[in-house]
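Hydrogens, waters and symmetry mates are skipped; everything else that's a heavy atom, side chains included, is used. The model shown is predicted, which means the values in this text are computed figures rather than measured ones.
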Amino acid sequence: DLNVTNMNINELLEQILKRLNPIAEKQNVELVLESFRPVSADVDEVKITLAFTNLIENAIKYNKPGGWVHVTLNADHQYFYLKVEDSGIGIPEDSLEHIYERFYRVDKSHSREIGGTGLGLAITRNAILLHRGSIKVSSVEGQGTTFTVKIPLSYINHNNLTFHVIKRIKVKCKQYSKQQRKFLMYLSLHIYFINSFQIKIIINTYKKESWLTKMKRKRKICQKINHL
């Protein structure tokens with residue numbers, strides 16, 4: 001559960017960087033924050049602080065002496081965007097799909113040197129998803145890594161969202177069986193943030209495919225809708 005309040009994200013990031021700056025100085029890593037505009041958003045202060053701290057601290061610890069970490073904050077009318085870029089050791093391409101797994105370590109020898117449990121990115125991703133957000137990563141081994149986080153400015157309560165989805169599925173899918181409607185609700189809630197266009201895609205996809213094929217493809221359908 002989230003304890004959501006409207007917070008100044010600029011100030012929150014400034015506080016995080018102030019706490020992490022001694023670690024950056026010890027590592028001889030330049031730590032820079034660039035905010036393009038004032039940002040206020042509905043977030044759980046504890047969870048989002050932990051998520052952002054994990055990303056920035058990892059960028060510092062898995063860096064090189066004389067390296068840098070750039071943290072940028074921006075927003076539009078619906079979302080705010082956090083980007084954490086570093087000049088560090090990077091992540092091998094075959095490890096990128098595993099980095100959010102619990103206890104997964106990219107470089108076990110380096111991880112032993114700096115400590116940690118291997119839970120940081122799993123916790124970070126979970127906190128961001130709880131906020132109906134998303135996280136993406138790009139990396140080049142030996143050159144650096146960039147994490148991009150996207151979070152809605154306004155939080156939609158899960159109970160309200162569930163009620164909203166169930167009501168719309170019942171109205172639009174009367175001809176389907178109870179089991180089929182339940183499957184549609186699962187798909188809809190899986191994408192965290194719903195709108196009528198996304199529901200339309202789910203329903204149209206459902207009409208075109210057999211029940212068995214759809215069950216096998218449900219993960220792909222969710223991923224497709226989640227990237228609209």
_Tell me whether the count of non-hydrogen atoms from other residues, nucleotides or ligands lying under 6.0 Å of NZ in Lys64 goes above 12._
yes
*Do you know the tightest heavy-atom contact between Gly67 and Ser87?*
CA-OG, 3.2 Å
*Can you name the side-chain hydrogen bond (donor to acceptor under 3.5 Å, both in side chains) partners of Asn8, sequence neighbours left out?*
none
*Working to the nearest 0.5 Å, report the span between CZ of Arg125 and CG of Asn54.*
14.5 Å
Identify all side-chain donor-acceptor contacts of residues 41-50 below 3.5 Å with residues at least two apart in sequence or on another chain.
residue : atom : partner : partner atom : Å
Asp42   : OD1  : Asn6    : ND2          : 3.0
Asp42   : OD2  : Tyr155  : N            : 3.3
Asp44   : OD1  : Val46   : N            : 3.1
Asp44   : OD1  : Lys47   : N            : 3.1
Asp44   : OD2  : Asn3    : N            : 2.7
Lys47   : NZ   : Asp1    : O            : 3.3
Thr49   : OG1  : Glu45   : O            : 2.6

_Could you go through Phe36 and Thr72, starting from their C-alpha distance and side-chain angles, then the distance that decides it, and tell me whether this counts as side chain to side chain contact (heavy atoms under 4.5 Å, CB included)?_
CA-CA 8 Å; Phe36 288 95; Thr72 57; 4.2 Å; yes
*asked:* Rounded to the nearest 0.5 Å, what separates atom CD1 in Ile128 from atom CD1 in Ile123?
replied: 12.0 Å
*asked:* Is the terminal nitrogen or CZ of Lys150 (NZ for Lys, CZ for Arg) located under 6.0 angstrom from the six-membered ring centre of Tyr81 and within 45° of that ring's axis?
replied: no
*Under a 4.5 Å cut-off applied to non-hydrogen side-chain atoms, are Val32 and Trp68 in contact?*
no
*Spatial distance of atom CG (Asn28) from atom CD (Glu30) [nearest 0.5 Å]*: 10.0 Å
*Heavy-atom distance under 4.5 Å between the side chains of Val137 and Ile99, does that happen here?*
yes
_Any heavy-atom pair between the side chains of Val39 and Leu153 that's under 4.5 Å?_
yes
*By side-chain hydrogen bond (donor to acceptor under 3.5 Å, both in side chains), which residues pair with Glu85, not counting sequence neighbours?*
none
*Report yes if the side chains of Leu121 and Leu55 come closer than 4.5 Å at any heavy-atom pair, otherwise no.*
yes
*Can you hop from Leu17 to Ile9 via hydrophobic side chains spaced under 4.5 Å?*
yes
_For Asn21 and Glu25, which I'm curious about, is there any donor-acceptor pair between the side chains at under 3.5 Å?_
yes
_For the backbone of Asn10 and the side chain of Ser35, can you confirm whether one donor and one acceptor N or O come within less than 3.5 Å of each other?_
no
*So do the side chains of Ile23 and Glu57 get within less than 4.5 Å of each other, counting heavy atoms only?*
yes
_Gap separating the OG atom of Ser138 from the CD atom of Glu93, nearest 0.5 angstrom_ = 11.5 Å
*Side chains of Leu82 and Thr148 in contact at under 4.5 Å (non-hydrogen atoms)*: no
*Between atom OH of Tyr79 and atom OG of Ser154, what is the distance when rounded to the nearest 0.5 Å?*
10.5 Å
*Option passing side chain to side chain contact (heavy atoms under 4.5 Å, CB included) with Ile60 (candidates Ile56, Asn63, Asn58)*: Ile56
*Report yes or no: does Ser139 contribute a side-chain atom to a donor-acceptor pair with the main-chain N or O of Gly144 at less than 3.5 Å?*
yes
*Evaluate the side-chain proximity of Lys83 to Val71: yes if any heavy-atom separation is below 4.5 Å, no if none is.*
no
*Find out if a path of hydrophobic residues (ILVMFWY) with successive side-chain heavy-atom gaps under 4.5 Å connects Ile151 to Leu12.*
yes
_Close side-chain approach of Val84 to Thr146, heavy-atom, < 4.5 Å_ = no
*Using the side chain to side chain contact (heavy atoms under 4.5 Å, CB included) rule, take Tyr62 and Asp86 through it: C-alpha gap first, then chi angles, then the decisive distance, then the call.*
CA-CA 9 Å; Tyr62 290 91; Asp86 67 59; over 6 Å; no
*In Å and rounded to the nearest 0.5 Å, what is the CG to CG distance from Leu130 to Leu2?*
5.0 Å
